[in-house]
Amino acid sequence: MRIARLDRLDAARCAAWPAAPRDDAPAYTRRDFLRGAAVLGGGAIAAGLAMRVSSAEPLATMPVPRHDHAGGQGSMVFQSGHTMRGARTMPPGAPADDQVTYREFDMTFELVEHEVLPGVRFPVFAFNGQVPGPVFRVQENDWIKVNITNKTEEMHTIHWHGVDVIYTMDGVPMSNQDPVHPEEVFTYRFQARPAGTRFYHCHWGTPLHMMSALHGAFIIDSPDDPIRRAFPYTRDYVLMLEAFDVNMTRQGIDDLLSGMKQVNQLIARRRPSHLAHGFFRNYQEFLKAIDAGWRPPYLAGMANPAAAEIRPNFFAINGKSFPATMEHGHIKIRSGEYIRIRLINGGVFDHHMHLHGHQFWKVAEDGNPLPQPLRLNTVPVTPGKTVDIIVFGDNPGFWDFHDHKESQSRNNGVYPGGMITMLEYEDMGEVPYVPSISINQ
Amino acid sequence: MSKIKTHLKIGGALVLSLLVQRGAFALELDPAIFPEFTIGGRAVATVNAEAMETAGGGDEQDAKLDIGDSSLLLGFSKYLFKPGQYAYAGLGLRVAEEQRDIAQGMFLSQAYAGIGGPRYDLVMGRHRLPNTLLHFPVLREDDLLDFSVVANASSVSSAEEDQVFGNLVQAAWWWRPAWKFDAALTGRAERDVGGALGAQDFNGASIGLAYQLPTAFKVARGLRYAAVRIDQQNARAVAGLDNVAVSSLLAALSYHLNDDPESDWAADVQAIVRSGVDVASLTNPAARARAAFTSVTAALRYAHRPQLQTRWRAALLAAWQNYGDFNEANALLAGASYVYRLGSGVDVAAQYFYRRNDDVLAAALGYQSDHRVQVGLVFAFDMIFNESVAERGGLLDFEHHMGGSGPAGLGE
């Protein structure tokens with residue numbers, strides 16, 4: 001039933017787009033891919049090469065995910081005498097290895113010091129130690145297996161945002177899985193669908209963990225991509241939009257790691273106290289704990305509203321603030337070329353991306369193609385959203401592409417900075433004015 | 001940044017022009033310069049009951065309300081131009097202990113400024129003196145003052161104004177995150193009979209070496225703190241006593257007895273040895289601070305922290321002191337303290353101490369023994385606004401060498 005419904009939706013969606021013969025779509029060559037992926041960092045390149053293989057099986061023959069989770073077992077954290085430190089966890093619900101062919105990836109949760117701007121470094125949690133995490137580039141309906149190793153002292157999960165995964169793989173702690181404990185290896189298995197611009201992020205301690213900086217792009221390609229048919233783009237950019245409160249992040253990570261020393265000690269002694277970390281079997285048990293005198297941490301938070309406030313002071317594209325966006329996030333185009341830019345909001349603040357000198361097409365939202373492309377020059381990207389735009393090279397020059405919420409085009413309050421990058425034409429020849437750098441206006 | 005420095009040197013005229021041009025946004029107005037602001041303090045209110053046996057064998061009993069040691073501290077921090085470096089200042093007010101011998105209800109306990117970085121710290125001003133190594137779990141500063149602090153040999157007052165606080169310039173260097181070396185020039189209060197404060201000269205020095213591994217960094221049984229310190233005083237002539245040099249050696253250990261963060265047991269011990277100089281009697285505090293002296297103070301601490309939330313803490317304390325040049329005159333103290341947490345920073349506290357002086361000390365101090373009970377409330381708070389300056393002692397700096405100190409995360 002589910003597959004049939006997806007087919008109908010796809011058919012209806014495609015009908016709204018200008019028809020283009022399949023053969024007209026330019027081949028997405030390996031060279032093009034590398035050129036596009038170059039802006040995404042080394043991890044993106046590696047992941048993309050590994051994953052960019054079309055599925056040979058038609059959709060209708062793919063096994064339907066089984067929801068064969070053992071009923072009523074629930075979380076391990078309530079079972080006395082256990083430790084999940086160093087465990088290998090492969091939750092049920094996905095086909096066995098001999099039923100489908102998995103594309104397998106190894107990832108890590110790490111604590112690293114990230115340089116968002118020359119001279120500005122702060123501690124973050126990061127996938128594979130990089131900000132943002134590596135770009136996944138897979139084909140629709142690929143079966144994905146991700147083995148994630150927690151190399152930190154804090155707990156984490158991965159939520160595959162916008163991907164219709166099996167519910168045991170959705171990465172929401174205590175809702176459909178236990179958090180991934182320190183030294184634990186947790187395996188996510190799911191089918192990559194539907195096609196489009198998706199992303200992934202940690203869902204444990206989400207405000208801090210997703211913001212700083214456990215987030216990354218998950219791009220699901222399809223040979224039947226209506227956007228490619230309508231706009232034969234030759235380069236594909238992914239821009240992760242980020243907001244960093246470096247003070248909150250530093251203090252938050254410092255505090256929680258200090259606390260985790262004690263929590264992890266209880267776990268090591270096989271005497272974890274679920275109350276110590278705010279775990280409850282159900283709401284009634286929570287109420288019972290309150291009646292018994294347990295004091296929830298939000299009472300401390302209420303006493304200190306300033307500490308609860310997120311005040312980002314560095315805004316970034318692909319982990320870098322202007323002018324360091326020249327390293328990651330600098331977009332290039334040639335006259336007469338279509339490029340696709342995938343905007344992903346990896347933080348918890350709104351961004352309003354404005355491109356100078358061009359009217360672009362907004363072609364997809366939340367990864368799903370729009371019924372009709374919209375002609376815009378500014379597009380909002382709110383938290384949790386992905387927006388795909390197509391830019392046509394028809395106005396050679398150097399063009400600002402920036403967050404028009406200008407308070408976020410600053411570095412620690414100093415303009416210009418933050419979420420500013422540039423669209424640069426590569427074929428201008430001799431130019432009348434060459435851009436330079438100004439960081440204090 | 002050098003441009004900013006240059007402009008800052010222009011001085012008042014430029015500041016005035018900036019005030020006039022409020023709409024302008026010039027380089028001199030670095031928007032990042034806004035101090036971190038900390039306000040902290042505590043109110044301690046107890047009912048004290050005391051039963052004393054005088055040196056003559058009589059009994060004295062007393063009961064009173066005590067708000068001594070209540071305090072307010074304002075702290076400010078901001079970053080220097082060089083990444084990873086910061087400056088700070090503090091201003092502290094304190095209610096004098098009820099048994100003070102100086103006619104002040106409230107006094108300026110601290111007023112200092114300092115600079116620091118990931119591996120160093122320099123502070124100067126009126127500050128807590130480096131004359132003790134451990135802070136024992138007692139309600140008030142003066143509860144163990146006779147035993148656990150190197151006394152001020154230049155003051156006839158035993159009040160904490162002169163004994164705990166003083167002027168200093170102190171530099172500290174951490175060559176490993178857990179290892180610290182420090183050196184200080186100290187200016188202890190010089191107070192003669194009559195109460196007037198004398199010159200504010202430097203009259204001492206101190207060097208220390210410490211190993212410290214806080215529980216927040218490692219939950220395990222073992223040594224958490226070990227330190228030694230040499231304290232030198234060039235005591236000034238007061239109360240008929242001559243100028244004289246007095247040296248003291250301090251050593252301390254803190255040991256965690258178990259590795260259970262929900263039931264935390266620890267033991268602390270500190271010893272002070274002073275070779276001393278000849279004095280005629282022990283009647284005057286300045287004379288006692290010069291005499292040959294040995295003390296040992298120890299505590300056994302327990303924290304009950306179900307679900308990692310502190311509910312109550314208790315401690316047993318014992319202390320002994322000896323004046324070797326006065327026929328081994330000595331005193332013993334034993335006691336217990338208990339704190340039950342009602343809310344964040346709000347405690348019910350109780351403490352009992354028994355002290356017995358031998359005959360020589362009883363004659364000098366005026367009492368043979370003393371039972372003292374304190375029961376009351378403690379309200380403590382520590383709020384940080386515009387939090388931006390990282391702690392050098394934070395876990396990230398201590399364990400990962402990242403994100404420690406530096407402007408808005410601008411660590412080196």
S.K.: For A:Lys405, look at atom NZ and say whether over 12 heavy atoms of other residues, nucleotides or ligands are found less than 6.0 Å away.
M.R.: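 Check passes, neighbour count above 12.
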S.K.: State the CZ-CD distance between A:Arg250 and B:Glu387, to the nearest 0.5 angstrom.
M.R.: 7.5 Å
S.K.: Determine the minimum heavy-atom distance between A:Asp254 and B:Leu396, stating which atoms define it.
M.R.: OD1-N, 2.7 Å
S.K.: Taking only residues two or more places apart in sequence, or in another chain, which ones meet B:Phe76 in a ring pair (Phe, Tyr, Trp, His ring centres under 6.0 Å)?
M.R.: B:Phe37
S.K.: Nearest heavy-atom pair of A:Trp294 and B:Gln309: which atoms, and what distance?
M.R.: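 Scanning both residues completely, I find the closest heavy atoms to be NE1-NE2, 2.9 Å.
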S.K.: Can you tell me which portion of A:Val112 sits under 4.5 Å from chain B's heavy atoms? Options are side chain, backbone, both or neither.
M.R.: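 Contact with chain B involves the backbone of A:Val112 alone.
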S.K.: Please tell me if the side chains of B:Arg311 and A:Arg295 come closer than 4.5 Å, counting only heavy atoms from C-beta onward.
M.R.: yes
S.K.: Using heavy-atom distances under 4.5 Å, tell me whether A:Gln262 contacts chain B through its side chain, its backbone, both, or neither.
M.R.: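 For A:Gln262, heavy atoms of backbone and side chain both lie under 4.5 Å from chain B.
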S.K.: Do you know the tightest heavy-atom contact between A:Leu266 and B:Glu262?
M.R.: CD2-OE1, 3.7 Å
S.K.: Side chain, backbone, both or neither: which part of A:Leu111 has an atom under 4.5 Å from a heavy atom of chain B?
M.R.: both
S.K.: Answer yes or no: are there more than 12 heavy-atom neighbours, outside A:Ile439 itself, under 6.0 Å from its atom CD1?
M.R.: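 At most 12 heavy atoms, drawn from other residues, nucleotides or ligands, come within 6.0 Å of this atom.
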S.K.: CE/A:Met260 to CG/B:Leu395 distance, rounded to the nearest 0.5 angstrom?
M.R.: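 Taking CE in A:Met260 and CG in B:Leu395, the distance rounds to 12.0 Å.
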S.K.: Working to the nearest 0.5 angstrom, can you tell me the gap between B:Glu399 CD and A:Lys261 NZ?
M.R.: 3.0 Å
